[in-house]
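I have placed the structure first, in the form of structure tokens, so that the comments after it can refer back to it.
Scope of the values below: all heavy atoms of this structure, side chains included, with no hydrogens, waters or symmetry mates.
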Amino acid sequence: MNPRELSGHTCPPRGAVPARGALRRASGRRARVLLVDHLGSARSVLAAALRGAGYHVELVASGPAALAELERQGADVLLTDLYMPEMSGWDLTRLVRARGVASTRGRPLCVGLYSAVLSGVSRAQLARARVDFAITKPGDPDAILEAVERALAWAEVA
């Protein structure tokens, strides 16, 4: 298994989606990414990469704040740290899936987990949690953007 990225059950294989950028601009608007991490420095680095690629990025520091933001404004992608003190990424994902949260486009909400430690996470765990992708942080910005782009593309055809 590639330690940089673990694919969940809903992601297609590499190369099976439109070219990068196609969905960032779909419907004449930028895709909205909700980035959740209790570490401000990690949020800043990821946000800069995502914004540089044309995404609209909202930042929150906890799972409860993410749930409130999803209810308030929604998102197309939820990218959450796996290990946070107040609510883990697993718990946040479970609540989002249980509530049936859709994207701002009416499609399935793309959920990605990221962590500095993914070695103990299996594809089966991701599939059971209905996680679309998992990436290593801080990680290569291109790999992160590719994972987000593929998840968005897959959500458009699912």
Side-chain angles (χ1 to χ4, degrees), residues 4-11 23-24 26-27 29-141 143-156 158:
R4 275 194 185 271
E5 178 180 340
L6 300 169
S7 294
H9 75 290
T10 59
C11 282
L23 290 162
R24 266 187 299 251
S27 306
R29 67 173 186 82
R30 298 182 297 166
R32 181 170 157 66
V33 178
L34 178 58
L35 182 57
V36 188
D37 197 317
H38 65 289
L39 299 174
S41 58
R43 284 193 316 262
S44 297
V45 169
L46 276 172
L50 291 163
R51 286 180 178 136
Y55 290 101
H56 175 83
V57 181
E58 290 295 326
L59 307 174
V60 295
S62 69
L67 291 171
E69 182 64 19
L70 284 169
E71 189 174 304
R72 191 172 71 79
Q73 292 204 36
D76 299 304
V77 177
L78 171 65
L79 184 54
T80 181
D81 186 15
L82 183 56
Y83 301 106
M84 296 182 290
E86 196 171 347
M87 178 186 291
S88 74
W90 293 121
D91 293 335
L92 176 57
T93 300
R94 186 174 37 257
L95 286 169
V96 164
R97 294 305 192 202
R99 293 177 183 185
V101 177
S103 76
T104 61
R105 299 163 194 235
R107 305 274 190 220
L109 178 67
C110 296
V111 175
L113 293 177
Y114 71 98
S115 176
V117 182
L118 285 174
S119 58
V121 177
S122 71
R123 290 180 191 265
Q125 283 176 291
L126 294 172
R128 280 191 304 273
R130 296 173 37 207
V131 171
D132 297 300
F133 63 96
I135 52 179
T136 304
K137 77 175 181 181
D140 172 28
I144 293 166
L145 294 172
E146 182 181 336
V148 169
E149 198 68 40
R150 283 187 296 142
L152 278 169
W154 188 245
E156 287 291 317

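- Between Leu50 and Leu145 there is a side-chain heavy-atom pair separated by less than 4.5 Å.
- Applying the side chain to side chain donor-acceptor pair (under 3.5 Å) criterion to Ser88, with sequence neighbours excluded, gives Asp91.
- Remark: Glu58 engages Arg32 in a salt bridge (Lys or Arg N to Asp or Glu O under 4.0 Å) (not counting sequence neighbours).
- Closest approach of Ala65 and Val60 over heavy atoms only: CB-CB, 3.9 Å.
- Minimum heavy-atom separation, Pro141 to Ala49: CB-CB, 4.1 Å.
- Side chains of Tyr55 and Leu79 form no contact here, defined as non-hydrogen atoms less than 4.5 Å apart.
- A pairwise comparison of heavy atoms in Pro64 and Glu86 identifies CG-OE2, 3.5 Å as the closest pair.
- Shown here for Thr104 and Gln73, the closest heavy-atom pair between the two residues is CG2-O, 3.7 Å.
- Partners of Gln125 by side-chain contact (heavy atoms from CB on, under 4.5 Å), not counting sequence neighbours, listed by chain and number: Trp90, Val121, Ser122, Arg128.
- When all heavy atoms of Cys110 and Ala151 are compared, the pair lying nearest together is SG-O, 3.2 Å.
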Stepwise side-chain contact (heavy atoms from CB on, under 4.5 Å) check, Leu92 with Val111 | CA-CA 10 Å; Leu92 176 57; Val111 175; over 6 Å; no
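- In plain terms, the two heavy atoms of Ala31 and Leu152 that are nearest each other are CB-CD1, 3.8 Å.
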Show your reasoning for whether side-chain contact (heavy atoms from CB on, under 4.5 Å) applies to Val101 and Leu78.
-> CA-CA 10 Å; Val101 177; Leu78 171 65; over 6 Å; no
Decide yes or no on side-chain contact (heavy atoms from CB on, under 4.5 Å) for Leu67 and Val96, but give the supporting numbers first.
-> CA-CA 8 Å; Leu67 291 171; Val96 164; 4.0 Å; yes
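- In this structure, Ser62 OG and Glu69 CD are separated by 11.0 Å, a value rounded to the nearest 0.5 Å.
- Put simply, CD on Glu146 and CD1 on Ile144 are 11.5 Å apart, with the number rounded to the nearest 0.5 Å.
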Sequence neighbours excluded and cut-off under 3.5 Å, please list the side-chain donor-acceptor pairs for residues 38-48, or say none.
| unit_1 | atom_1 | unit_2 | atom_2 | d |
| --- | --- | --- | --- | --- |
| Arg43 | NH1 | Asp37 | O | 2.5 |
| Ser44 | OG | Gly40 | O | 3.0 |

Show your working on side-chain contact (heavy atoms from CB on, under 4.5 Å) between Asp76 and Arg105 and close with a plain yes or no.
-> CA-CA 7 Å; Asp76 299 304; Arg105 299 163 194 235; 3.4 Å; yes
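- Contact of the Tyr114 side chain with the Asp81 side chain is registered, since non-hydrogen atoms from C-beta on lie closer than 4.5 Å.
- The side-chain heavy atoms of Met87 and Leu95, taken from C-beta on, include a pair separated by under 4.5 Å.
- To the nearest 0.5 Å, atom CG of residue Asp140 and atom CD1 of residue Ile135 are 10.0 Å apart.
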